[in-house]
Amino acid sequence: MNIQNTIETKVKEGFLALYTVEIPSVEFQATRKEFEGDITVVVFPMLRYKKGNPVQIGEDLGKYLVAHVNEITNYNVVKGFLNLVIEDSVYTNFFNAANANADFGFITPSANEKAVMVEYSSPNTNKPLHLGHVRNNLLGYSVAEIIKASGKNVYKTQIINDRGIHICKSMLAWQKYGNGETPQSTGLKGDKLVGNYYVKFDQEYKKEIAQLIAEGKTEEEAKKEAPLLIAAQQMLLKWEAGDATIVSLWETMNSWVYSGFEVTYKNMGVNFDTLYYESNTYLLGKDVVAQGIEKGVFFKKEDGSVWCDLTEDGLDEKIVLRSDGTAVYMTQDIGTAIQRVKDFPDVGGMVYTVGNEQDYHFQVLFLILKKLGFDWSQQLHHLSYGMVDLPSGKMKSREGTVVDADELMLEMTTTAKTISEELGKLEGYSEEEKNELYETIGLGALKYFILKVDPKKRILFDPKSSVDFQGNTGPFIQYTYARIQSIIKKATFNYSKAVTIDLHEKEKELLKQLELYPDTIQQAAANYSPALIANYTYDLVKEFNSFYQNVSILGEEDQDKKIFRVQLAKKVADTIKSAFSLLGIRVPERM
RNA sequence: GGCCCUGUGGCGCAACUGGAUAGCGCAUCUGACUACGAAUCAGAAGGUUACAGGUUCGAAUCUUGUCAGGGUCACCA
């Protein structure tokens with residue numbers, strides 16, 4: 001039983017004893033640093049149950065608690081805040097328990113716990129990944145790891161958008177202008193090569209439009225009638241009909257893209273447990289729609305199209321099947337969700353990592369699934385995140401105004417290298433070790449930069465003013481980790497025994513921060529927010545650095561204190577490593 | 001226009017979900033390496049939380065309205 005629960009029970013008990021009034025709950029907060037004390041009971045909410053002067057009530061409760069709870073050694077009241085001083089042993093006991101637990105903060109899922117499927121990335125296979133995908137991937141991966149740590153089984157997945165008119169555009173352009181180029185013949189990454197043809201299509205298409213307009217067509221007519229577009233549409237029809245040469249071309253070009261993506265994912269450090277391809281799922285959902293009509297969830301219009309009436313829920317009518325009987329995006333998403341639960345029967349909920357421009361889509365999707373009566377529909381969450389904008393505005397693949405994911409990661413690594421070489425602390429490291437380190441630091445900076453921001457907020461990314469390596473950054477936290485490793489290497493005596501000591505003020509503060517870790521993971525999981533983990537880690541590191549500056553570890557003469565401090569430093573390092581693993585950030589032994 | 005998201009020192013972010021005098025980092029100014037690693041630490045300066053009402057012991061947080069920025073309202077995905 002932790003101290004807060006003990007106090008809660010005793011406060012209720014004391015309240016009853018003092019005023020013969022029951023209170024349902026007690027509100028706590030950490031005592032602010034300018035006051036004496038460790039835990040604060042907020043008196044104000046109690047006034048609802050017992051009118052009176054909050055300061056007086058605080059005094060009464062304070063006396064009662066000191067008398068009835070051994071661990072409370074003193075108290076003071078400021079306005080309506082009752083500050084309680086907690087005995088050191090409470091904190092050293094906590095530490096000894098936490099220190100014995102290698103998975104401190106993590107909860108292992110129980111066998112019958114429902115799993116969560118986290119979808120992220122889900123790129124189109126006609127162009128390379130860019131900065132927007134980077135935010136998506138980092139968020140999705142991290143949230144998956146956090147949910148896992150919070151005590152649930154997780155499947156990471158993505159739905160690969162491998163078919164459709166945009167894919168045909170790249171294919172067509174390659175056919176017409178490619179001269180048989182391959183990744184091997186050009187030395188280009190496959191996704192880059194295919195992306196070039198997507199751009200090429202757009203350029204040629206625009207020329208055709210201009211030509212048609214010069215011949216007297218309106219812009220709208222020209223856009224619809226351009227031969228290239230018509231050819232692409234025909235190609236899509238052939239693909240759907242299973243035309244052998246088209247399908248073969250499609251397979252070839254997609255395989256180029258996949259091998260390119262694989263490299264990018266590997267560098268980014270993300271992974272997936274299972275994959276879904278749109279070419280396999282785009283026909284799903286049609287039979288569900290038929291069943292939905294019978295259930296009265298959907299209705300058919302005169303032209304044969306099928307709709308869902310959501311006006312009673314404050315939304316519009318939404319189409320779920322075209323008049324020609326073909327599926328739309330929504331149909332497919334309904335079918336895919338159902339398919340996933342069939343494939344993985346232990347899945348009890350899903351998280352969709354998709355940009356906020358699709359907020360409405362997911363609102364509708366979840367509502368339809370609810371109307372169809374799936375119990376897991378209550379456990380669906382759209383992890384919606386803000387766009388990443390450049391100073392020049394939105395990124396547009398076709399116009400080449402994107403920040404490429406591979407290039408960005410490379411730049412970050414190069415910057416890390418430059419800084420490291422200036423500082424020159426890596427004597428004895430091999431080239432290979434150095435390069436790995438630069439990557440750890442560079443990507444750490446990038447990932448932390450993106451993940452520390454609340455997902456809902458948009459990010460303005462200026463490639464010119466590079467990502468920081470000082471202050472509230474990934475490298476700052478990595479540096480603290482490396483520094484602790486250096487201490488541990490020098491601590492050549494046996495420091496394994498559990499000790500109980502009188503705590504230095506800085507030690508106590510650090511222990512309080514450490515104690516917050518398990519709850520922070522739960523909060524981050526409940527809120528789908530890696531930012532909470534990032535901010536927690538930063539606070540922990542700041543607290544440690546302050547401790548480090550004020551208290552000598554290896555120079556301490558009292559043997560038990562010295563042991564405790566080494567253990568404490570090591571536990572902080574382990575927690576940094578653990579928290580950063582939830583963000584997908586590695587941690588260096590030296591830097 | 002309807003609906004949704006965002007607005008916090010010059011810039012980038014926090015605020016334990018309604019609690020104390022709104023914290024932190026960049027940038028600016030002062031100090032600290034013959035010290036366990038200065039990618040660090042200690043300090044100064046910088047705010048009417050976009051604006052105006054409301055709810056209550058108490059509001060950056062909830063509510064109404066206004067303003068600004070973004071998104072979305074396809075038989076596209």
Side-chain angles (χ1 to χ4, degrees), chain A residues 27-35 40 42-45 47-48 54 78-81 83 124 161 163-166 278 282 301 303-307 314-316 318-330 332-333 355-361 363 384 386-387 389 394 416 419-420 422-423 425 441 445 449 452-454 456-460 462 465 468-480 482-491 516 519-520 523 526-527 531-532 534-536 538-539 541-542 545-546 548-556 565-566 569 590-591:
Chain A
E27 204 173 312
F28 290 97
Q29 64 184 282
T31 304
R32 293 179 73 109
K33 290 199 176 157
E34 57 265 41
F35 303 111
T40 295
V42 188
V43 179
F44 294 111
L47 300 179
R48 264 191 296 186
V78 182
K79 296 184 190 173
F81 298 92
N83 303 322
N124 291 346
N161 207 315
R163 50 145 253 129
I165 189 72
H166 47 287
E278 206 187 73
Y282 79 108
K301 287 195 179 175
D303 62 0
S305 59
V306 180
W307 297 72
L315 306 175
D316 303 333
K318 193 75 194 174
I319 191 160
V320 292
L321 215 55
R322 292 194 188 100
S323 51
D324 63 4
T326 55
V328 293
Y329 186 40
M330 188 61 73
Q332 187 190 142
D333 268 6
N356 65 8
E357 76 254 352
Q358 295 200 39
D359 284 355
Y360 184 72
H361 173 79
Q363 213 182 327
S384 165
M387 297 287 99
D389 289 319
K394 256 192 143 178
I419 295 174
S420 291
E422 273 171 20
L423 294 170
K425 299 179 185 176
I441 298 172
F449 177 82
K452 77 169 182 187
V453 182
D454 181 350
K456 268 191 301 199
K457 295 189 178 172
R458 34 193 294 247
I459 292 180
L460 182 70
D462 186 353
S465 68
D468 259 328
F469 283 68
Q470 279 168 5
N472 185 358
T473 65
F476 167 82
I477 291 165
Q478 290 172 323
Y479 174 74
T480 302
R483 220 189 201 179
I484 296 174
Q485 297 315 305
S486 166
I487 294 174
I488 291 170
K489 276 184 206 107
K490 286 178 182 155
L516 294 176
D519 192 51
T520 303
Q523 295 282 337
N527 292 295
L532 294 180
N535 289 325
Y536 167 80
Y538 177 67
D539 289 339
V541 163
K542 275 205 69 113
N545 284 339
S546 181
Y548 175 85
Q549 199 75 20
N550 283 281
V551 178
S552 179
I553 297 170
L554 298 176
E556 173 61 43
R565 285 175 189 168
V566 174
R590 290 170 58 185
M591 66 187 277

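Chain letters run A, B, ... following the sequence lines, proteins first and then strands; every chain starts at 1.
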Which nucleotide in B/U17, B/C57, B/A42 has an atom nearest any side-chain atom of A/Phe44: B/C57
Parallel, tilted or perpendicular: rings of A/Tyr329 and A/His361 (30°, 60°): parallel
Sugar-phosphate or base contact per nucleotide [nucleotides 23-33 of chain B; S, B, -; heavy atom under 4.0 Å]: SSSS-------
Nucleotide nearest A/Glu357 when distance is taken to its side chain, options B/U72, B/A20, B/A77: B/U72
d(CG, A/Asp316; P, B/C73) in whole Å: 10 Å
Stepwise side chain to side chain donor-acceptor pair (under 3.5 Å) check, A/Asn545 with A/Arg483: CA-CA 10 Å; A/Asn545 284 339; A/Arg483 220 189 201 179; 3.2 Å; yes
Syn-anti status, with the boundary at 90° from 0, for the nucleotide B/C73: anti
Toward the 5' end of RNA chain B, by each residue's nearest nucleotide, A/Val541 or A/Phe449: A/Phe449
Nucleotide of B/A14, B/A42, B/C36 approaching A/Ile553 most closely (side-chain heavy atoms): B/C36
Distance in angstrom units between A/Phe35 CZ and B/U21 C1', rounded: 8 Å
Sugar-phosphate only, base, or nothing, as touched by A/Ala482 at under 4.0 Å among non-hydrogen atoms: base
Rounded distance in Å - CG (A/Asp454) to P (B/U6): 8 Å
Inter-nucleotide C1' distance (B/G47, B/C5), Å rounded: 25 Å
Distance, C1' atom - from B/G10 to B/A20, rounded to whole angstrom: 29 Å
Side-chain touch A/Lys425/A/Arg590, heavy atoms, less than 4.5 angstrom: no
Pairwise C1' distance, B/U61 and B/U56 [rounded to whole Å]: 14 Å
Separation between the C1' atoms of B/A15 and B/U49, rounded to whole Å: 11 Å
Complement of B/G54, any strand, by Watson-Crick or G-U distances under 3.5 angstrom: B/C62
Interatomic distance where CZ belongs to A/Phe28 and P belongs to B/U17 [whole Å]: 13 Å
Length of the line joining A/Lys457:NZ and B/G70:P, which is rounded to integer Å: 18 Å
Touch class at under 4.0 angstrom, heavy-atom based, for A/Pro54 against every strand present: nothing
Side-chain heavy-atom pair A/Phe81, A/Gln29 within 4.5 angstrom cut-off: yes
Closest to the A/Tyr360 side chain, choosing from B/A14, B/U72, B/G37: B/U72
Span that lies between the P atom of B/A27 and that of B/U64, in whole angstrom: 42 Å
A/Arg483 side-chain N/O to B/A38 phosphate OP1/OP2 under 4.0 Å: yes
Residue whose closest nucleotide on RNA chain B lies nearer the 5' end, A/Lys452 versus A/Leu321: A/Lys452
Phosphate OP1/OP2 of B/G37: any A/Lys490 side-chain N/O under 4.0 Å: yes
Touch class at under 4.0 angstrom, heavy-atom based, for A/Thr480 against every strand present: nothing
Side-chain N,O (A/Asn545) to OP1/OP2 (B/U40) below 4.0 Å: no
Anti or syn - B/U17, cut at 90° from 0: syn
Side chain to side chain donor-acceptor pair (under 3.5 Å) assessment of A/Ser384 paired with A/Asp359: CA-CA 7 Å; A/Ser384 165; A/Asp359 284 355; 2.8 Å; yes
Aromatic stack A/Phe469/B/A39: centroid gap under 5.5 Å, interplanar angle under 30°: no
Phosphate OP1/OP2 of B/C36: any A/Ser486 side-chain N/O under 4.0 Å: no
Watson-Crick or G-U counterpart of B/C26, or none if no pair lies under 3.5 Å: B/G10
Touch class at under 4.0 angstrom, heavy-atom based, for A/Met387 against every strand present: nothing
P-based separation of B/U40 from B/C4 [nearest Å]: 43 Å
Residue A/Lys425, side-chain heavy atoms: nucleotide from B/A20, B/A77, B/A39 that is nearest: B/A39
Atom P, compared across B/U30 and B/U66: separation rounded to whole Å: 49 Å
Among B/C13, B/U6, B/A20, the one nearest A/Lys456 by side-chain distance: B/U6
Complement of B/A38, any strand, by Watson-Crick or G-U distances under 3.5 angstrom: none
A/Leu532 CG - B/C16 C1' separation (whole Å): 9 Å
Touch class at under 4.0 angstrom, heavy-atom based, for A/Ile487 against every strand present: sugar-phosphate
Nearest-0.5 Å distance that lies between atom CD1 in A/Ile487 and atom OH in A/Tyr548: 5.0 Å
P spacing across the pair B/A74 / B/G19, given as an integer number of angstrom: 41 Å
Distance, rounded to the nearest Å, where A/Tyr479 contributes OH and B/G37 contributes C1': 4 Å
A/Gln29 CD - B/A20 C1' separation (whole Å): 7 Å
Side-chain heavy-atom pair A/Leu315, A/Tyr360 within 4.5 angstrom cut-off: yes
Sugar-phosphate, base or nothing in reach of A/Arg458, heavy atoms under 4.0 Å: sugar-phosphate
